[in-house]
Amino acid sequence: MERAGLTEVAPHAWQMPQTGAMRVPAIIYANRQLLAQMDEKVGEQIRNVASLPGIVAAAYAMPDAHWGYGFPIGGVAAFDAAAGGVVSAGGVGFDISCGVRLLTTGTDAGRIRAVQAPLAHELSRAIPAGVGSHGRILLDAAQMTAMLAGGARWAVARGYGWPEDLERIEERGCMAGATPEVVSDKARRRQRDEMGTLGSGNHYLEVQEVAEILDAEVAAAYDLHPGEAVVMIHCGSRGLGHQIGTEYLREMALAAPGHGIRLPDRELACAPIASELGQRYLGVMRAGINCALANRQILTHLARGVFDRFLPEARLGLLYDVSHNTCKEEAHAVDDVARRLFVHRKGATRALGPGAPALPPALRPVGQPVLIGGSMGTESWVLVGDPRSEAAALSSACHGAGRAMSRHAAARNWTGSGVQQDLAARGIIVKSPSKRGIAEEAPGAYKSVGQVVEVAEKAGLARRVARLVPLICIKG
DNA sequence: ATGTTC
């Protein structure tokens with residue numbers, strides 16, 4: 001993106017002037033290099049978001065932003081229902097409540113290396129991955145309804161995981177206000193056999209090593225220790241979320257004129273929060289959030305089963321589970337005024353600072369773990385919410401590395417086997433049902449996640465706590 | 001992201 005016309009209003013915060021239909025400014029968090037790597041389309045999309053009815057404060061793009069459907073991926077925007085504010089299916093994204101959870105193991109990475117190949121093999125057998133992957137759990141209509149209402153709470157009640165896990169999940173494992181009965185039959189049907197599956201694209205389960213600690217105090221509170229192994233799970237709401245996104249994007253686009261909304265881009269389809277359609281989407285989307293929370297909970301249970309067989313001394317405790325594709329009603333201070341807002345985070349992670357009431361007691365004094373999945377074969381990060389993030393971006397931060405090139409271009413530049421061999425030479429085992437998928441996810445197709453989190457820290461979005469490097473990657 | 005195009 002060209003820097004001309006942008007004003008660096010704070011370190012690594014670039015403001016786009018409020019022009020045309022924009023109701024608020026647009027702010028992009030980046031250094032000069034990340035800004036140069038950003039598509040012009042990110043600027044266009046974030047300006048479009050800034051023109052939507054009822055938007056509050058500003059439209060924000062995170063340091064890992066790239067262009068997406070309507071909203072950029074890495075976009076944050078909050079709306080006031082009483083001021084005609086809208087909810088947008090494109091502002092949440094197709095993979096509703098896609099997110100990351102991190103499990104500590106209390107075990108040295110050396111113990112993983114001793115069983116690395118068989119552990120990778122057994123994880124790949126236990127964790128269904130790939131396009132259309134299905135699991136052994138089949139839900140009937142009543143179970144589907146219970147799952148969509150209960151989220152991870154439902155999963156734990158069914159024996160998938162431990163009651164103490166729930167404290168370490170956003171919304172304590174269950175998103176309130178879900179309306180399972182309004183979720184279409186088609187969406188429910190698509191999800192029937194997809195619980196506890198990874199899916200494809202950039203979703204993965206990785207066994208990683210804590211390679212570096214940058215904040216010893218917070219790391220200790222998070223039970224992260226140098227040289228120990230952790231498990232990171234990145235996935236979302238599978239076919240159900242995708243079906244909901246498809247249905248509501250269409251319906252919101254058709255209904256927009258009737259709501260008096262002129263869309264700058266059809267892909268920005270949205271409806272007033274106060275409208276029947278807006279309320280209906282919110283209820284269905286919350287069911288999608290519960291689906292993703294239950295899915296990651298079942299994947300955790302499957303991973304624990306494999307670890308129990310190979311490393312019985314390992315105890316896979318949940319550090320935290322946080323989503324990066326949601327719209328949630330939250331309390332925020334805007335210009336020192338307390339307001340209730342509907343915050344869209346699409347490819348952006350909630351990042352609550354110390355003292356936030358939504359955090360469990362064990363984490364409240366230090367702040368929320370902000371879990372950042374890097375690209376396959378590189379590094380991932382644990383950050384902690386910074387109190388400055390509330391003013392900077394409504395307590396939000398980045399979510400990953402962000403693509404630097406298209407899937408198509410990546411598949412031209414690399415082969416799956418080549419990438420796999422390169423990583424094997426560095427001691428990383430990658431298992432995937434799709435060679436093309438591995439090529440599309442080649443580390444070189446992504447921006448530097450290290451640079452993204454450094455900018456996030458300098459911009460006051462979140463502070464770095466620990467750097468994680470992969471040992472085993474189970475890839476969709 | 002996605003029964004990788006209704």
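Residue numbers begin at 1 in each chain, while the letters A, B, ... track the order of the sequences.
Remark: A:Thr246 is not in phosphate contact with B:dT2, judged by side-chain N or O atoms under 4.0 Å from OP1 or OP2. In this structure, A:Arg238 reaches the B:dT2 phosphate: one of its side-chain N or O atoms is under 4.0 Å from OP1 or OP2.
In this structure, CD of A:Glu441 is placed 11 Å from P of B:dT2, rounded to the nearest angstrom. Separating the NE2 atom of A:His134 from the P atom of B:dT2 is a distance of 15 Å, rounded to the nearest angstrom. At whole-Å resolution of the value, CD1 in A:Ile438 and C1' in B:dT4 are 17 Å apart. Rounded to an integer number of Å, the gap from OH of A:Tyr248 to P of B:dT2 is 20 Å. Rounded to whole Å, atom P of B:dT5 lies 16 Å from atom CG of A:Leu249. Atom pair A:Tyr69:OH and B:dT4:P shows a separation of 17 Å (rounding to whole Å applied). Separating the CD atom of A:Glu247 from the P atom of B:dT2 is a distance of 16 Å, rounded to the nearest angstrom. Residue A:Arg189 contributes atom CZ, which lies 16 Å from atom C1' of B:dT2 at whole-angstrom precision.
Residue A:Gly201 is classed as a sugar-phosphate contact, given heavy-atom separations below 4.0 Å to backbone atoms only. Nucleic acid contact class of A:Gln191 (heavy atoms, under 4.0 Å, all strands): none. Using a 4.0 Å heavy-atom criterion, one finds that A:Gly241 contacts no nucleic acid atom at all. If you check every strand for non-hydrogen atoms under 4.0 Å, A:Lys186 touches a base. Among the heavy atoms of the strands, none lies under 4.0 Å from A:Gly236.
Taking A:Asp321 as the reference, A:Arg101, A:Arg296 meet the side chain to side chain donor-acceptor pair (under 3.5 Å) condition, with sequence neighbours excluded.
Tested against A:Phe71, the residues A:Val92, A:Asp265, A:Leu52 include a single side chain to side chain contact (heavy atoms under 4.5 Å, CB included) partner, A:Leu52.
Of the candidate nucleotides B:dC6, B:dT2, B:dT4, B:dT2 has the atom lying nearest to any side-chain atom of A:His203. You'll find that the side chain of A:Val131 is closest to B:dT4, out of B:dC6, B:dT2, B:dT4.
The ring-ring contact (aromatic ring centres under 6.0 Å, His included) pairs that include a residue from residues 267-291 of chain A are A:Tyr248-A:Tyr281, where partners are two or more places apart or lie in different chains.
Nearer the 5' end of DNA chain B, as judged by each residue's closest nucleotide, is the contact made by A:His242, out of A:Arg250 and A:His242.
In the model, A:Arg403 has no side-chain atom that pairs as donor or acceptor with a side-chain atom of A:Ser375 under 3.5 Å.
One N or O on the side chain of A:Gln279 and one on the backbone of A:Ile273 form a donor-acceptor pair closer than 3.5 Å.
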